[in-house]
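To keep things clear, I will list the structure first and then write my remarks on it.
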2 protein chains.
Amino acid sequence: MADVARLAQVGKQTVSNALNNPDLLRPETLARVTAAIEKLGYRPHTAARSLRRRESRTIGYALERSVAGRSNAVQDRFLHALAAAAGYRLLVFSADSPEEEVERYDELLRERAVDAFVLDRTRKDDARHRWLHGKSVPFVAFGRSWSEQDFGDWVDVDGAAGIEAATEHLALAGHERIGLLGWPAGSGTGDNRVAGWQRAMKRHGLPVRDLRAAASNSTETARQAAGTLLDQDVTAVVAVSDALALGCYDALRERGLQPGTDVAVTGFDDSPFAELLAPTLTSVEQPLEQVAEECVRMLLARISEPWRPTEHLLLTPRLVIRDSSGPSGSGVVTDI
Amino acid sequence: MADVARLAQVGKQTVSNALNNPDLLRPETLARVTAAIEKLGYRPHTAARSLRRRESRTIGYALERSVAGRSNAVQDRFLHALAAAAGYRLLVFSADSPEEEVERYDELLRERAVDAFVLDRTRKDDARHRWLHGKSVPFVAFGRSWSEQDFGDWVDVDGAAGIEAATEHLALAGHERIGLLGWPAGSGTGDNRVAGWQRAMKRHGLPVRDLRAAASNSTETARQAAGTLLDQDVTAVVAVSDALALGCYDALRERGLQPGTDVAVTGFDDSPFAELLAPTLTSVEQPLEQVAEECVRMLLARISEPWRPTEHLLLTPRLVIRDSSGPSGSGVVTDI
DNA sequence: GTTGCCGTTTGGATCGATCCAATACTTTCT
DNA sequence: AGAAAGTATTGGATCGATCCAAACGGCAAC
């Protein structure tokens, strides 16, 4: 910085002002300083700046243990979008359990390595929210806080609306017995998605009784659960995840049926393999780039104005129509 | 730190020594200081430490733009393993092109925000290597430097050995006409994998003529390429990626054939969907945790000893045998 | 009892940028 | 022309830890 000041014939403070309060400088001086900065390729020293400013301008994000066989595509795309959201640096760390995650939070905060956190994969009564809230650490969650209390800001994707759109799409194509392949009851995300199916079915006056089955994301249970739906003579299956949809493909083939032709299938998340399958899988795509953008926006707002009221944002996903939902034209994307 | 010093009845320097050179202290004093640190929950301020030490103890990693339809599972798992590798902090940033990546390198270095980088997805004559080497910035690449010159350390997975093992597995099961489904010639990774197939075929005295087809990772071209192999009456197909293997599944079904039963298929990368498919896909799994560990080890060595000779490490992948390669027992994992 | 030595502990300077208070400068008005 | 008012610029102190060199303590030897 001293070099820049010397070259521009000004004091070091003026250089600092050029960077942080450019409007305080006379245009002529500013130009001279800027030119010097450019010429020397000067960039302020992160650590020195953090030390004086008493903030790191870094946000923390915990990578959760990747569960074998489960697609992390969502986390991956989200992280990417987060990193792109400008202004702040992004520090990632791994944690294998919520407890360990909170422990790492504590360390990072004590070390003043981060100013705030972005949470992902929120659970019911998530310990992280309470802890961060208690310490008044700024944070945003990707995912609703499924508990009663309102701990902080969040952005989420309206899973119910996504599943509703998929169901609607099938109903409009003439299907009447539309089964739902979900997760075991109890997970906020899962139950929410089921509600979307119920809404659409009710609106179209279609039956829901015995048309619902649950399975974890493993192939075996998914196939069995899909089987029970097929026994109910469904002509279409709405799955709450792409993995479950894949299990449904299997169940169909076991019975000599062809997904997309004999029975329509839809998934959720628009995983990378959705368009690699045959038939390509109709799925619900989450607007992760937008989620990330909004997360950053909320976080910055929270940091600069800690006492503002909490903000909640529910974004609408898109239905990506491909071949598995019937011959209605692949690749068509429908905004809900 | 002053608080800790006061509580432990020592000077601040002694506290610093307790953290950085514990063996300089009398055991008794060390215990007193440690107790005080514990009691106050003290952790050294990252920025202050970086400033004085003139190093950030942070490594940078560029997230590349996720290509639609392409599995990022490898990057995802690798990043996770990297974050777990202790001692250093991990700063991620996004870059949409190699040029932009180098630009971000430059900024981060000027700001002293990172000390070193981990590169991923190396290309032929990668601009990043040359640039980092030119600035003598410590770095390790996950992926060989496919160029003639030897720019820096790398860790890579022996793709040829993986494909060779898959081919071997099929040959031992009695297959004689084993086709290879590869990428268009020219990519280092792709050509290397092809070589593994050739090696195994030669060793078993099997024909390779006209048993090789190339396609990009898109379903359409993969299906066509797989079709040309099937026209050659292959009884097994070794694909150099899981996406291509999936294209092969499609081609088989188009002809009324069943993957795994009528024609054996293997993939590469052990993507999350490999065990979700029906039949489950035999694939080659990269030891990403080990790759990450070795990357960190090499990086630390390079940082502490800049002039050491470059180190190259080729790790061996494992063949994960599932149903698609025939009825030889699913889930069996073979070390090569 | 004093000196000398070794190993531990201490105060002061430093890293690079920002904050604060004070000075130099410009402009305008009397 | 001189003074007031406001703006642009400057020097000095500061953030929290580490490095350095100097002082301190205990212990053994004379």
Side-chain angles (χ1 to χ4, degrees), chain A residues 1-37 40-58 87-89 107-115 303-304, chain B residues 1-37 40-58 87-89 107-115 303-304:
Chain A
M1 192 161 125
D3 295 344
V4 175
R6 202 174 312 122
L7 181 61
Q9 309 258 39
V10 295
K12 52 187 168 193
Q13 177 60 17
T14 306
V15 179
S16 174
N17 285 335
L19 280 128
N20 303 305
N21 303 75
D23 43 320
L24 281 184
L25 298 201
R26 204 184 312 166
E28 171 202 323
T29 315
L30 178 58
R32 220 167 61 236
V33 175
T34 312
I37 288 176
L40 297 179
Y42 166 78
R43 300 230 109 206
H45 193 292
T46 312
R49 173 174 270 187
S50 296
L51 179 58
R52 194 57 181 90
R53 287 229 244 239
R54 323 186 61 74
E55 64 177 16
S56 63
R57 293 217 177 233
T58 300
Y88 268 58
R89 260 174 285 278
E107 287 176 25
L108 290 170
L109 288 170
R110 289 203 139 84
E111 294 171 347
R112 302 293 143 91
V114 302
D115 295 336
I303 290 171
S304 65
Chain B
M1 192 160 126
D3 295 344
V4 175
R6 201 173 313 121
L7 181 61
Q9 310 258 38
V10 296
K12 50 186 170 192
Q13 176 59 17
T14 306
V15 178
S16 173
N17 285 336
L19 280 131
N20 303 304
N21 302 76
D23 41 320
L24 281 185
L25 298 201
R26 204 183 314 165
E28 170 203 324
T29 315
L30 178 58
R32 220 166 62 236
V33 176
T34 310
I37 288 176
L40 297 178
Y42 166 79
R43 298 230 111 204
H45 192 294
T46 312
R49 173 173 270 190
S50 296
L51 179 58
R52 192 56 180 92
R53 287 228 246 237
R54 323 185 62 73
E55 66 177 14
S56 62
R57 294 217 177 233
T58 301
Y88 268 57
R89 262 174 282 279
E107 287 176 26
L108 290 169
L109 287 170
R110 290 203 138 83
E111 294 171 348
R112 302 292 143 90
V114 302
D115 295 337
I303 290 171
S304 66

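Atom set for the values below is all heavy atoms of this structure, side chains included, hydrogens, waters and symmetry mates excluded. Lettering of chains follows the sequences in order, A, B, ..., and the numbering in each one begins at 1.
Residue A:Tyr42 has a polar side-chain atom (N or O) positioned under 4.0 Å from OP1 or OP2 of C:dA17. Contact check, B:Thr14 against C:dT9: no side-chain N or O comes under 4.0 Å of OP1 or OP2. Residue A:Ser16 has no polar side-chain atom (N or O) positioned under 4.0 Å from OP1 or OP2 of C:dA17.
Here A:Val15 lies out of heavy-atom contact (under 4.0 Å) with every strand. B:Leu24 comes within 4.0 angstrom of the backbone, heavy atoms only, and of no base.
Between the side chain of A:Arg43 and the backbone N or O of B:Glu107 there is no donor-acceptor pair closer than 3.5 Å. Listed for the B:Ser50 side chain is no donor-acceptor partner under 3.5 Å among the backbone atoms of A:Ala47.
Taking atom CD on A:Glu28 and atom P on D:dT7, their separation rounds to 18 Å, with Å as the unit. For the pair B:Lys12 NZ and D:dC15 P, the computed distance is 11 Å after rounding to whole Å. Rounded to an integer number of Å, the gap from B:Asn21 CG to D:dA17 C1' is 14 Å. Look at CZ on B:Arg57: it is 12 Å from C1' on D:dT18, rounded to the nearest Å. Rounded to an integer number of Å, the gap from A:Met1 CE to C:dT18 C1' is 8 Å. At whole-Å resolution of the value, CG in B:Asp23 and P in C:dG7 are 13 Å apart. For the pair B:Leu40 CG and D:dG16 C1', the computed distance is 16 Å after rounding to whole Å. Straight-line distance from the CZ atom of A:Arg112 to the P atom of D:dC15: 13 Å, rounded to whole Å.
For A:Arg52, whose side chain is taken as the heavy atoms from C-beta onward, the closest listed nucleotide among C:dC15, C:dA17, C:dG12 is C:dA17. If you check C:dT10, D:dT18, C:dA17 against the side chain of B:Asn20, the one that comes closest is D:dT18. When each of C:dT10, D:dA17, D:dC15 is scored by its nearest atom to the side-chain atoms of B:Ala48, the top-ranked nucleotide is D:dA17. Listed candidates were C:dT9, D:dA17, C:dC20. Nearest to the side chain of A:Gln13 is C:dC20. Relative to the side chain of A:Asn17, the nucleotides D:dT9, D:dC15, C:dT10 differ in distance, and D:dT9 lies closest. For A:Leu25, counting side-chain heavy atoms from C-beta on, the closest listed nucleotide (D:dT9, D:dC20, D:dG16) is D:dT9.
Atoms CG and OH, on A:Leu7 and A:Tyr42 in that order, are 13.5 Å from each other to the nearest 0.5 Å. Once rounded to the nearest 0.5 Å, the distance linking OG1 of A:Thr46 with CG of B:Leu51 reads 10.5 Å. One distance of note links OG1 of A:Thr34 with CG of A:Leu19; it measures 8.5 Å at 0.5 Å rounding.
Comparing B:Arg54 and B:Arg26 against DNA chain C, the residue whose closest nucleotide sits nearer the 5' end is B:Arg26. Toward the 5′ end of DNA chain C lies the nearest nucleotide of B:Thr29, the other residue of the pair B:Thr29 and A:Ala47 mapping further downstream.
Residues B:Pro22 and B:Asn17 form no side-chain contact, since every pair of their non-hydrogen atoms from C-beta on lies 4.5 Å or further apart.
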